[in-house]
Amino acid sequence: SEPTDIPYYYDYPELQDAPVGGLRHHQAEEFCDWDGGRILPTEAQWEKAAKGPYPENTLWPWGDDYPTCEQANFRECYLQNYWGRPMQVDTLPAGISYYGLYHVVGNAKEWVSDYFGESYYASSPETDPLGPDAGEMHSIRSGYYDFDLPSSIIGPMYNVSFRLACTDNHSDYSGIGFRCARHAY
């Protein structure tokens, strides 16, 4: 059956190819399952897709240089270019990841399947960690279009290792999107 209770925000032609936002974690999971039995990626899968093959340990999909507006959609970029919203998913090819993913930094925060554990990765398995077994919040990866461009603040924030926690009852989901992954068979 079709996913239930999913808001329809995309009545505007200019947003038809933008990331879907405004969904709660369970709605994103439901959509992925409905769309061919896919899943939300784990944090580890998401980060590998953003960084590239091991032993890559870069801050950004393109290396360690801070993002430019040709690579990522952040606040300074949209103020400069007057778009002020998520961009189409196939834009900014200069920011594409090793595996061909667009916008793994900036544009939309993304739900992943894991529950959030502040210190989980300090003692997690080295190979394909699945996150904590339970929790009250789920993990979110990436920055989004209304964050400051990382080069304008101190430190490499909002890079491919950046993570947030969010409850499924959060009051504003407009900047949170998702991407579905396929099961490995």
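- No donor-acceptor distance shorter than 3.5 angstrom exists from the side chain of Arg38 to the backbone of Asp33, with no hydrogens or angles considered.
- Atom CD of Glu29 sits about 10.0 Å away from atom SG of Cys180, to the nearest 0.5 Å.
- Annotation: Tyr115 is not in aromatic contact with Tyr120 [ring centroid separation under 6.0 Å not met].
- Residues Leu23 and Ile39 do not share a hydrophobic cluster, defined by chaining ILVMFWY side chains whose heavy atoms lie under 4.5 Å apart.
- Looking only at atom types and distance, the side chain of His138 has no donor-acceptor partner in the side chain of Ser113 under 3.5 Å away.
- Between Cys166 and Ile140, the closest heavy-atom pair is CB-CD1, 3.2 Å.
- Taken from OG in Ser142 to CZ in Arg179, the straight-line distance is 8.0 Å, to the nearest 0.5 Å.
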Discussion item. Between Gln71 and Trp62, is the side-chain contact (heavy atoms from CB on, under 4.5 Å) condition met? List the steps.
Written reply: CA-CA 9 Å; Gln71 295 166 315; Trp62 52 84; 3.4 Å; yes

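- In summary, the side chains of Ser161 and Glu47 do present a donor paired with an acceptor at a separation below 3.5 Å, with no hydrogens or angles considered.
- You'll find the side chain of Val160 reaches within 4.5 Å of the side chain of Val105, heavy atoms only.
- Glu110 and Trp46 share a donor-acceptor pair across their side chains, judged by distance under 3.5 Å alone.
- Rounded to the nearest 0.5 angstrom, Tyr145 OH and Cys77 SG are separated by 14.0 Å.
- No continuous path of ILVMFWY side-chain contacts below 4.5 Å connects Phe116 to Ile176, so the two sit in separate hydrophobic clusters.
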Worksheet entry | Test log, rule side-chain contact (heavy atoms from CB on, under 4.5 Å), inputs Tyr121 and Glu43 | CA-CA 10 Å; Tyr121 291 101; Glu43 283 197 73; 3.1 Å; yes

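- The minimum heavy-atom distance linking Lys48 with Pro53 is given by the pair NZ-CA, 3.5 Å.
- With a 4.5 Å cut-off on side-chain heavy atoms, Phe178 and Val112 do not count as touching.
- Tyr144 and Leu164 fall within the same hydrophobic cluster, where Ile, Leu, Val, Met, Phe, Trp and Tyr residues are linked whenever their side-chain heavy atoms come under 4.5 Å apart, directly or through other members.
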Item to complete: Before giving the answer on side-chain contact (heavy atoms from CB on, under 4.5 Å), spell out for Thr167 and His25 the whole-Å C-alpha distance, their side-chain angles and the decisive distance to 0.1 Å.
Response: CA-CA 8 Å; Thr167 68; His25 186 270; over 6 Å; no

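- Here Trp111 contributes atom CH2 and Asp168 contributes atom CG; the two are 5.5 Å apart, rounded to the nearest 0.5 Å.
- Residues Pro67 and Trp60 have side chains in contact (heavy-atom distance under 4.5 Å, counting atoms from C-beta outward).
- Residues Ile96 and Tyr99 fall into different hydrophobic clusters, defined by Ile, Leu, Val, Met, Phe, Trp and Tyr side chains chained together at heavy-atom separations under 4.5 Å.
- Distance check: Phe74 CZ to Asn107 CG gives 9.5 Å after rounding to the nearest 0.5 Å.
- No chain of hydrophobic side-chain contacts below 4.5 Å, direct or via other Ile, Leu, Val, Met, Phe, Trp or Tyr residues, connects Tyr102 to Phe162.
- Nearest heavy-atom pair across Pro41 and Asp114 is O-OD1, 4.4 Å.
- Of all the heavy atoms in Met87 and Asn73, the pair that sits closest is CG-ND2, 3.2 Å.
- In Asp64, the CG atom is crowded: over 12 heavy atoms of neighbouring residues, nucleotides or ligands sit closer than 6.0 Å.
- Contact annotation: the side chain of His103 approaches that of Thr91 to within less than 4.5 Å [non-hydrogen atoms, C-beta and beyond].
- For the atom pair CZ (Arg163) and NZ (Lys109), the distance works out to 15.0 Å, reported to the nearest 0.5 Å.
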Discussion item. Walk me through whether Gln45 and Asp128 qualify under side-chain contact (heavy atoms from CB on, under 4.5 Å).
Written reply: CA-CA 7 Å; Gln45 291 165 339; Asp128 202 18; 4.0 Å; yes

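- Taking each heavy atom of Ser97 and Ala49 in turn, the nearest pair found is OG-O, 2.9 Å.
- Across all non-hydrogen atoms, the minimal contact from Val89 to Pro19 is CG1-N, 3.7 Å.
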